[in-house]
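We name chains A, B, ... by the order of the sequence lines, and we start the count at 1 in each one.
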Number of protein chains: 2
Amino acid sequence: MDDRKWMILEAIVREYILTAEPVGSRTLSRRYDFGVSAATIRNEMSDLEDLGFLEQPHTSAGRIPSDKGYRTFVNSLLESGRKLNDFTTITQEVTSIYTSKTNQIHGLLEETTKMLSKYSHYTSISMSPDIQQTIFQHLQLIPLSSKQVVAILVTDSGIVHNQILTTPVTMDRKELGQISEFLNEKLQGKTMQEIDSNLMRELEADLISRYNTLSDIFRMLYTDLLGDVSRKLQQVFLDGTSYMMDQPEFADINKLKTVMSALEQRELLYNILNQNDQDMQITIGQENSQKEMQNCSIVSATYSVKGRPMGRIGILGPTRMEYGKVISLVQFVANILSKILSEQDE
Amino acid sequence: MDDRKWMILEAIVREYILTAEPVGSRTLSRRYDFGVSAATIRNEMSDLEDLGFLEQPHTSAGRIPSDKGYRTFVNSLLESGRKLNDFTTITQEVTSIYTSKTNQIHGLLEETTKMLSKYSHYTSISMSPDIQQTIFQHLQLIPLSSKQVVAILVTDSGIVHNQILTTPVTMDRKELGQISEFLNEKLQGKTMQEIDSNLMRELEADLISRYNTLSDIFRMLYTDLLGDVSRKLQQVFLDGTSYMMDQPEFADINKLKTVMSALEQRELLYNILNQNDQDMQITIGQENSQKEMQNCSIVSATYSVKGRPMGRIGILGPTRMEYGKVISLVQFVANILSKILSEQDE
DNA sequence: TGTTAGCACTCGCTGTTGTTGAGTGCTAAC
DNA sequence: GTTAGCACTCAACAACAGCGAGTGCTAACA
């Protein structure tokens, strides 16, 4: 793959991203100056097709990039390392939106999703922190009625979960206080991941020996709040789905429906956002494990609190996506979000 | 408007809802037996058009119902009072879905929305309770770090809100305990609506005189959690948006986009669901105050806890909607939901 | 050997035209 | 008041031609 081929491929990708029309050799030679004629470009394009970087919708049309073509383009973007797009101009705006928001992580993520859509004109997704990665901070049990207890779990980075537990027997305030005090002492500083069934069994035994009392609520706490319920509690935020309809590739209502239906399934969203756990993750077309999404690309990044990765935010669009712009934006917003979250946790 | 006209109008509405094709006089006379010829029907249809119940897409097409036509049809459905559609067959399924769910209202509403879509094949919406209508039950302040406090508000019917407050000065556990104990005593049993700025000012004075201490956190509690933040805290659940794409009236991607964009605006969803506060509310086409929604109809009903209306659930579709089925379903689900919510609150 | 001009060919897109058929309104007879 | 008959309308569909952007191939050129 020589230099000229590379330049032509890049030009075709850029041109197609811009126009959404198959790119022909003449158009290309008119708009770009490669110092060779259309005929030469034609030969190069034919080669590029043989190599799998381009595709031809039909014989007498121009070429469009294949997934492999986009992939090469994107890799080169990433390797080049130069500033792709400059979003520092909106720093002010973004931070002001963030700080105006309640300092609850869900509110921040909701705003994040909105902003990603607003600035990219693509559909965007955020995912609330994987609770397993967070650190236990505080547990509080509040009696609500004779048989109902609200359990409040606070982990670091401002995540608060609550759960109503209905106990078979009446619990008095003192018992509840004992249990929560006990757990607060034992679980302090542990990551939620470390709080597994083994640990809880130990603690249960310990609790019985200490207070000579055993309660169902202890087990309920584990199954409903502390245990591996992370997936259940992880929220997905979605915005800008209607931007999908601006894309000519989704003019066909059936293609559109395939994608839109997929976007309604939380589990599926979770999967497309977590294909691997690289910090910056770009999935192009067929690379996507979810077949409903194989006409789409997803650019996502992790956000973190004090260096610990917590969740992902991302942008979803057709494979013909403005990768340069989108990658910069996602990276930029993920950085600010991480900064805000880390600061506020102090 | 004589009996025969009425029968013809009803037949046209039913036929059009079924086929989505303009209904002609011959089709009608073939499928229904009015005992008169197509020509007579033709005359009647012409009259119905003059009266504003029907419309003609173009000269040589059949007629379709106007909004007024649908309205008449729907009113008669409601007045007739007879069982429109029987959904009792799915009672089992619905209750089992509900009881399998965590007894948190948000989880229930999420499931409700999913079910409404699943059984109706239309887009559906739910709205979490208007916190103003709920009754204060408990407030808890948990110190998180030296300057951060988690405020937990529990109101009746299992609604728990939490909010992280960042105080300018360090609060000790005792002070927090005093404030929450004080407020719990004073606010017990009040509806959130009653907790207004006047009451809070009184309480603030009272608190100062009692403990000779004043804290910013008191005011923050009001502005961020107790005060008129109901709209902010009210969540909207949406599901089945992709069913919109099955409707031939939205084959035009621009019409579709208008509606889908509207569905992304929470404020707007709130408005369309709360056009008035009748228990069962049906808004047809142009009756809708939101112009983006004037190609749509919305059928919604309140759900309540122990007779107190809390929020709404609803179904949204094209004006050519299966009103009979949808009305029954919404009513049915709202009833079960109310029952579950009222029981669980005991 | 790589590059280029020329040329025949392909094929989706667009616009025209004709046909079909469901539907209408009107009129006159029942 | 009802109905049969009839001329008329008009969207939808299919067939067809012309256009134009694009291709691959060939032969000539540096």
Could you let me know what C:dT1 is paired to, Watson-Crick or G-U wobble, both distances under 3.5 Å, or none if it's on its own? D:dA30
CZ of B:Arg31 versus P of C:dG23: gap in Å, rounded? 9 Å
Just N and O in the side chain of B:Ser37: are any of them under 4.0 Å from OP1 or OP2 of D:dT3? yes
Output yes when at least one side-chain N/O atom of A:Ser25 is less than 4.0 Å from OP1 or OP2 of D:dT23, else no. yes
Check whether A:Phe53 forms a cation-pi arrangement with A:Lys68 (NZ or CZ under 6.0 Å from the six-membered ring centre, at most 45° off the ring normal). yes
How many whole angstroms separate atom CD of A:Glu44 from atom P of C:dT1? 16 Å
Between A:Pro22 and B:Gly35, whichever has its closest DNA chain D nucleotide further toward 5' is B:Gly35
Looking at every strand, decide which applies to A:Ala39 at a 4.0 Å heavy-atom threshold: base, sugar-phosphate, or nothing. base
OP1 or OP2 of C:dG23 versus the side-chain N and O atoms of B:Arg63: is any pair under 4.0 Å? no
Indicate the ring-plane relationship of B:His121 and B:Tyr243, choosing parallel, tilted or perpendicular according to the 30° and 60° boundaries. perpendicular
Both distances below 3.5 Å, Watson-Crick or wobble geometry, any strand: find the nucleotide opposite C:dA29. D:dT2
How many Å lie between CD1 on A:Ile8 and P on C:dT3, as a whole number? 10 Å
Rounding to an integer number of Å, can you tell me how far A:Glu21 CD sits from D:dG22 C1'? 13 Å
So, A:Asp246 and B:Lys257, do they make that salt bridge, N to O below 4.0 Å? yes
Which residue, B:Thr59 or B:Arg42, contacts DNA chain D at a nucleotide closer to its 5' end, judged by nearest heavy atom? B:Arg42
From CD1 of A:Ile64 across to P of C:dG12 the rounded distance in Å is 14 Å
Interatomic distance, B:Arg26 CZ vs C:dG21 P [rounded to whole Å]: 13 Å
Counting only side-chain nitrogens and oxygens, does B:Thr40 get under 4.0 Å of the OP1 or OP2 atom of D:dT2? no
The Watson-Crick or G-U wobble partner of D:dA21, with both key distances under 3.5 Å, is C:dT10
Whole angstrom value for the distance that separates C1' of C:dT4 from CG of A:Leu28: 17 Å
For a salt bridge (charged side-chain N to carboxylate O under 4.0 Å, His left out) with A:Arg63, tell me which candidate from A:Glu15, A:Glu49, A:Glu21 qualifies. A:Glu49
Measuring from the side chain of B:Thr27 (C-beta onward, heavy atoms only), which nucleotide among D:dA11, C:dG23, C:dT4 has the closest atom? C:dG23
Check this for me: does the side-chain of B:Ser60 come within 3.5 Å of the base of D:dT9 through a donor and an acceptor? yes
Is it the case that over 12 heavy atoms from other parts of the model lie below 6.0 angstrom from the CG atom of B:Asp2? yes
A:Gln56 CD to D:dG24 P, straight-line distance once rounded to whole Å: 6 Å
